Amino acid sequence: MKTSKLALMLLGISAMLFGGQSHAFAKSPYVKEVSIYGNISESNPEVINLRNPTFVEMMDVNWRGANGHAVTARIYADGFEVWSGMIPAYDPTFRATIRKTVRQIEIRVDQGSAYANWAKLYLATPESEYEAPSNTPSPELVGTLADADDLARQLVFVLRDLQDKIVPASISANIIPLKKAAAKVFAVAKASGNMHRADVSSAVLGLEQEFIAQEAFISSLLESTDTYEDGLTLMTIRERYKALFGSVSY
């Protein structure tokens with residue numbers, strides 16, 4: 001009787017520990033294996049580019065702290081942190097839950113370095129289903145730091161001129177949020193030292209989200225002769241960002 005109760009208890013614990021994982025694997029039957037075999041440092045992250053936007057359920061990475069030291073590591077999906085933790089000085093495998101459609105995954109360490117052996121991406125559908133025609137360039141590879149910087153400057157100038165043409169309530173509700181988002185893009189693009197593309201992508205994503213939040217406001221600018229050109233310029237800057245850094249899906 002005691003043995004039966006113990007068996008049931010162990011079975012319950014096993015279901016708690018592995019039930020969710022089994023369910024996740026059931027939703028992610030397609031595995032993309034990535035051979036890395038290299039050192040990852042603060043200035044040399046490992047970047048995994050997918051052919052096109054792909055839904056990634058989760059990611060396994062097998063890596064260890066280099067030179068016998070543990071390191072703090074992070075994983076980013078399209079610029080957003082999805083996992084962080086301490087990597088010990090042996091070869092453990094860590095799992096990051098992503099569950100979103102992404103183009104790029106970046107593996108980083110804060111200080112020191114880590115040696116990565118391999119990574120596995122668990123996809124909801126075969127990656128080949130997303131493959132673009134060979135003559136179609138990926139917008140993720142077009143934009144540069146200079147592009148992000150120049151467009152942020154243009155945006156700030158337009159918003160500054162627009163402030164004299166609208167009521168104070170709109171300045172607080174519409175202009176200031178856009179200016180803050182543009183300032184973040186400008187600051188990240190102009191930052192010195194080791195710059196990662198994911199940082200710029202994250203800032204541009206934040207600006208794109210603010211553009212979406214202010215869509216009604218921007219459209220209203222087109223209804224007035226005084227603000228028509230400003231509204232058109234805002235729309236042009238937004239479309240330029242999307243063309244250079246890739247359109248964002250929500």
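The model shown is predicted, which means the values in this text are computed figures rather than measured ones. For the numbers below, each heavy atom of this structure counts, side chains included, while hydrogens, waters and symmetry mates do not. If you read the sequence from its start, that first residue is 1, and numbering goes on from there.
- Between the side chain of Y241 and the main chain of A152, a donor-acceptor pair closer than 3.5 Å is present.
- Side-chain contact between I212 and E208 is present, with heavy atoms from C-beta onward closer than 4.5 Å.
- Atom OG1 of residue T97 and atom CE of residue M59 lie 12.0 Å apart, to the nearest 0.5 angstrom.
- Here the CG atom belonging to L207 is positioned 14.5 Å from the NZ atom belonging to K180, to the nearest 0.5 angstrom.
- Within a 6.0 Å sphere centred on NZ of K184, heavy atoms belonging to other residues, nucleotides or ligands number 12 at most.
- Inter-residue side-chain proximity for I36 and I107 is flagged as met; some heavy-atom pair is nearer than 4.5 Å.
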Chi angles and distances behind the side chain to side chain contact (heavy atoms under 4.5 Å, CB included) call for F94, N62: CA-CA 6 Å; F94 289 87; N62 180 263; over 6 Å; no
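- I40 places a side-chain heavy atom less than 4.5 Å from the side chain of E46.
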For side chain to side chain contact (heavy atoms under 4.5 Å, CB included), just list the numbers for D110 and R74, CA-CA rounded to whole Å, side-chain angles, deciding distance to a tenth of an Å, and then say yes or no. CA-CA 8 Å; D110 288 352; R74 303 178 191 277; 3.0 Å; yes
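- The nearest pair of heavy atoms linking K100 to A77 is NZ-O, 4.3 Å.
- Here the shortest heavy-atom pairing between A119 and I48 reads CB-CD1, 4.4 Å.
- Note: the hydrophobic cluster containing V47 does not contain V109 (ILVMFWY, side chain heavy atoms under 4.5 Å, direct or indirect links).
- Cluster membership for I237 and Y228, using ILVMFWY side-chain heavy atoms within less than 4.5 angstrom, is shared.
- In this structure, the side chains of T93 and W118 come closer than 4.5 Å at one or more pairs of heavy atoms.
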I105 vs L121, test: side chain to side chain contact (heavy atoms under 4.5 Å, CB included). Steps then yes/no. CA-CA 10 Å; I105 296 174; L121 303 180; 3.7 Å; yes
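- Contact check for V102 versus L50: side-chain heavy atoms found under the 4.5 Å cut-off.
- The shortest non-hydrogen separation linking V82 to A96 is CG2-CB, 4.4 Å.
- Ring centroids of Y115 and W63 are separated by 6.0 Å or more, keeping the two rings apart.
- Note: the hydrophobic cluster containing F157 does not contain L234 (ILVMFWY, side chain heavy atoms under 4.5 Å, direct or indirect links).
- In this model, no donor atom of one side chain and acceptor atom of the other lie less than 3.5 Å apart for Q104 and D78.
- Closest heavy-atom contact between A173 and P177: O-CG, 3.4 Å.
- A donor-acceptor pair is defined here as one N or O able to donate and one able to accept, closer than 3.5 Å; no such pair exists between the side chain of T227 and the backbone of D230.
- Expressed to the nearest 0.5 Å, how far NZ of K32 lies from CG of L123 amounts to 8.0 Å.
- The shortest non-hydrogen separation linking I87 to G65 is CG2-N, 3.6 Å.
- Hydrophobic clustering (side-chain heavy atoms under 4.5 Å, transitive across Ile, Leu, Val, Met, Phe, Trp, Tyr) groups L162 together with I176.
- Residues meeting the salt bridge (charged side-chain N to carboxylate O under 4.0 Å, His left out) test with D164, sequence neighbours left out: none.
- The shortest distance between side-chain heavy atoms of I75 and V61 falls below 4.5 Å.
- Taking CD of E210 as the reference point, atom CG of N174 lies at 9.0 Å (rounded to 0.5 Å).
- Relative to the ring axis of Y122, R99 does not place its NZ or CZ within 45° and under 6.0 Å from the centre.
- No path of Ile, Leu, Val, Met, Phe, Trp and Tyr side chains, each step under 4.5 Å between heavy atoms, connects L178 with V156, placing them in separate hydrophobic clusters.
- By the 4.5 Å heavy-atom criterion applied to side chains, I175 and F217 are counted as neighbours.
- Annotation for S113 and V71: closest pair O-CG1, 3.4 Å, computed over non-hydrogen atoms.
- Residue S170 holds its OG atom at 11.0 Å from CD of Q163, rounded to the nearest 0.5 Å.
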With salt bridge (Lys or Arg N to Asp or Glu O under 4.0 Å) as the test, would you mind laying out the steps for R95 and D60 before giving the verdict? CA-CA 4 Å; R95 170 161 296 171; D60 288 342; 2.7 Å; yes
Quick one: do T54 and T101 satisfy side chain to side chain contact (heavy atoms under 4.5 Å, CB included)? Show the steps, please. CA-CA 5 Å; T54 305; T101 299; 5.7 Å; no
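- For the pair L222/M235, a side-chain contact is recorded, criterion being any heavy-atom separation below 4.5 Å from C-beta on.
- One distance of note links CZ of R64 with CG of N117; it measures 6.5 Å at 0.5 Å rounding.
- Judged by the 6.0 Å and 45° rule, R108 forms a cation-pi pair with Y76.
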